[in-house]
Amino acid sequence: AGDILAVAQADGGAAYATAINSVAYGYSGGLDASLTNSGLLSAVADADFAYAITIFNFATGHYGNAYLTNAEDGQIYAVANGDYTTATGVINQATRYGSAVTSNAGNIHATANGNSGGASFGVSNYSQGYVATFDNSGSISATSTAAGIAMATGVENESALYNASSYNSGDISAIADSGVGLAGAWGVVNNSANISSFTNEVDGDIDVVATSQDGYALAVGAYAIGVT
């Protein structure tokens, strides 16, 4: 397994850093986007507007599926520093009736350090028209600090038109710390237009902390919503 480090810096502007961008195209019978990591992947962005997305795996074709696996030895880090910052460890998306499946047995950590605002996401798994499935047996964390608004989400799993299922037997944490603004932290968010299912196994741990020195704070361990 190899290592990838992506660093983007800008003085007074915007910076975007990503270690892997994987996109599968195609219209009818679109190709699948499949990615497996067992190495060390890091994305670091430093700017007034800083965006760090370590892995972006995207299936755009009709019925194209998106599969992402972070193996037990896999290490994924996203760090964004600046005024307005966003750090995301993994984005896995199937946008046209394909399934989105993300599995983590390693470590995924996203950290956003902002002045006006900071937002961090450990994993975002999204299917537009079919099943969204997420499984974690490793460690995932999202940490945001800001003088203004701080938002942190450990895992977001969503199917816009069908079922969404999340399973956790590992460790998930979301920490948001704000100076004078809103602090919001969500461990797992599982949304679907049909059946929404979330299972936290007996050895699964979800830790969520939101703090604000002079504002409002909201902490949610797990949130699941479905139409049926």
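All heavy atoms count here, side chains included; hydrogens, waters and symmetry mates do not.
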Point to revise | Joint hydrophobic cluster, Val123 plus Ile172, side-chain heavy atoms closer than 4.5 Å | key: yes
Practice item. Would you please say whether a donor-acceptor pair under 3.5 Å links the side chains of Ser120 and Ser144? Key: yes
Check your understanding: Measuring from Asn163:CG to Ser196:OG, what's the distance to the nearest 0.5 Å?
Key -> 9.0 Å
**Study point:** Listed partners of Asp135 passing side chain to side chain donor-acceptor pair (under 3.5 Å), at least two apart
**Key:** none
Revision key, fill the gap. Those residues at least two apart in sequence (or on a different chain) that pass ring pair (Phe, Tyr, Trp, His ring centres under 6.0 Å) with Tyr16 are none
Revision key, fill the gap. Going by chain and number, the hydrophobic cluster around Tyr223 (ILVMFWY, side chain to side chain under 4.5 Å) further includes Ile149, Met151, Leu182, Trp186, Val189, Tyr216, Leu218, Val220, Ile225
Check your understanding: Which ring-ring contact (aromatic ring centres under 6.0 Å, His included) pairs, counting each pair once, include a residue from residues 132-158, with sequence neighbours left out?
Key -> none
Check your understanding: Is a side-chain donor-acceptor pair under 3.5 Å present for Asn81 with Asn113?
Key -> yes
Review point. Taking the six-membered ring where the residue is Trp, are the ring centres of Tyr51 and Phe49 under 6.0 Å apart?
Key: no
Check your understanding: Can you list every pair that meets side chain to side chain donor-acceptor pair (under 3.5 Å) and has a residue in residues 147-157, with sequence neighbours left out?
Key -> Asn125-Asn157, Asn157-Ser166, Asn157-Asn190
Can I get a per-line list of side-chain donor-acceptor pairs under 3.5 Å for residues 65-79, giving both atom names and the distance, sequence neighbours left out?
| residue | atom | partner | partner atom | Å |
| --- | --- | --- | --- | --- |
| Asn65 | OD1 | Ser99 | N | 2.7 |
| Asn65 | ND2 | Asp32 | OD1 | 3.3 |
| Asn65 | ND2 | Tyr67 | OH | 3.4 |
| Asn70 | OD1 | Asn37 | ND2 | 2.9 |
| Asn70 | ND2 | Gly74 | O | 3.4 |
| Asn70 | ND2 | Asn104 | OD1 | 2.8 |
| Gln75 | OE1 | Tyr77 | OH | 3.3 |
| Gln75 | OE1 | Asn107 | ND2 | 3.3 |

Point to revise | Within residues 135-181 or reaching into it, pairs that qualify as ring-ring contact (aromatic ring centres under 6.0 Å, His included) - sequence neighbours excluded | key: Tyr130-Tyr162
**Study point:** Within one Ile-Leu-Val-Met-Phe-Trp-Tyr cluster: Tyr63 and Leu161, side-chain cutoff 4.5 Å
**Key:** yes
Point to revise | ring pair (Phe, Tyr, Trp, His ring centres under 6.0 Å) involving Phe198 - partner list, sequence neighbours excluded | key: none
Practice item. Supply the atom-to-atom distance Thr85 OG1 to Asn115 CG, rounded to the nearest 0.5 angstrom. Key: 9.5 Å
Practice item. Would you name the heavy atoms of Gln128 and Arg96 that are closest together and state the gap between them? Key: OE1-CA, 3.7 Å
Review point. Between Ala110 and Ala87, what is the shortest heavy-atom contact and its length?
Key: CB-O, 3.6 Å
Review point. Taking side chain as C-beta onward, heavy atoms only, is Ile55 less than 4.5 Å from Leu41?
Key: yes
Review point. Is Thr88 close to Val90 at the side-chain level, that is, under 4.5 Å between some pair of heavy atoms?
Key: no
**Study point:** Other residues, nucleotides, ligands: >12 heavy atoms within 6.0 Å of Asp203 CG
**Key:** yes
Review point. Where is the tightest heavy-atom contact between Asp46 and Ala15, given as atom of each residue plus distance?
Key: O-CB, 4.0 Å
Practice item. Side-chain contact test, heavy atoms from C-beta onward, threshold under 4.5 Å: evaluate it for Thr18 versus Thr54 and give yes or no. Key: no
Review point. If you take all heavy atoms of Leu31 and Ala59, which pair is closest and at what distance?
Key: O-CB, 4.3 Å
Point to revise | Chi angles and distances behind the side chain to side chain donor-acceptor pair (under 3.5 Å) call for Asp177, Thr211 | key: CA-CA 5 Å; Asp177 186 8; Thr211 57; 2.9 Å; yes
Exercise for review: Give, for atom CG of Asp205 and atom CG of Asn200, the distance between the pair rounded to the nearest 0.5 Å.
Suggested key: 7.5 Å
Review point. Ala17 and Ala6: which non-hydrogen atoms are nearest, and at how many Å?
Key: CB-O, 3.8 Å
Review point. What pairs with Tyr126 under ring pair (Phe, Tyr, Trp, His ring centres under 6.0 Å), at least two apart in sequence or on another chain?
Key: none
Exercise for review: Name all residues meeting the side chain to side chain donor-acceptor pair (under 3.5 Å) criterion together with Ser116; count only those two or more places apart in sequence or in a different chain, and write none if there are none.
Suggested key: Asp83
Exercise for review: Tell me, please, which residues at least two apart from Ser127 pass side chain to side chain donor-acceptor pair (under 3.5 Å).
Suggested key: none
Revision key, fill the gap. Residues Ala193 and Ala160: closest non-hydrogen pair is CB-O, 2.9 Å
**Study point:** Pairwise side-chain contact, Ile53 with Ile91, heavy-atom cut-off 4.5 Å (strictly under)
**Key:** yes
Point to revise | Straight-line distance of Asn21 CG to Asn57 CG, nearest 0.5 Å | key: 9.5 Å
Review point. Are Ile206 and Val155 connected in the hydrophobic side-chain network, where two residues link if heavy atoms are under 4.5 Å apart?
Key: yes
Check your understanding: Do Ile140 and Ile20 share a hydrophobic cluster (ILVMFWY, side-chain heavy atoms under 4.5 Å, transitive)?
Key -> yes
Point to revise | Residues which pass side chain to side chain donor-acceptor pair (under 3.5 Å) with Ser212, listed by chain and number, not counting sequence neighbours | key: none
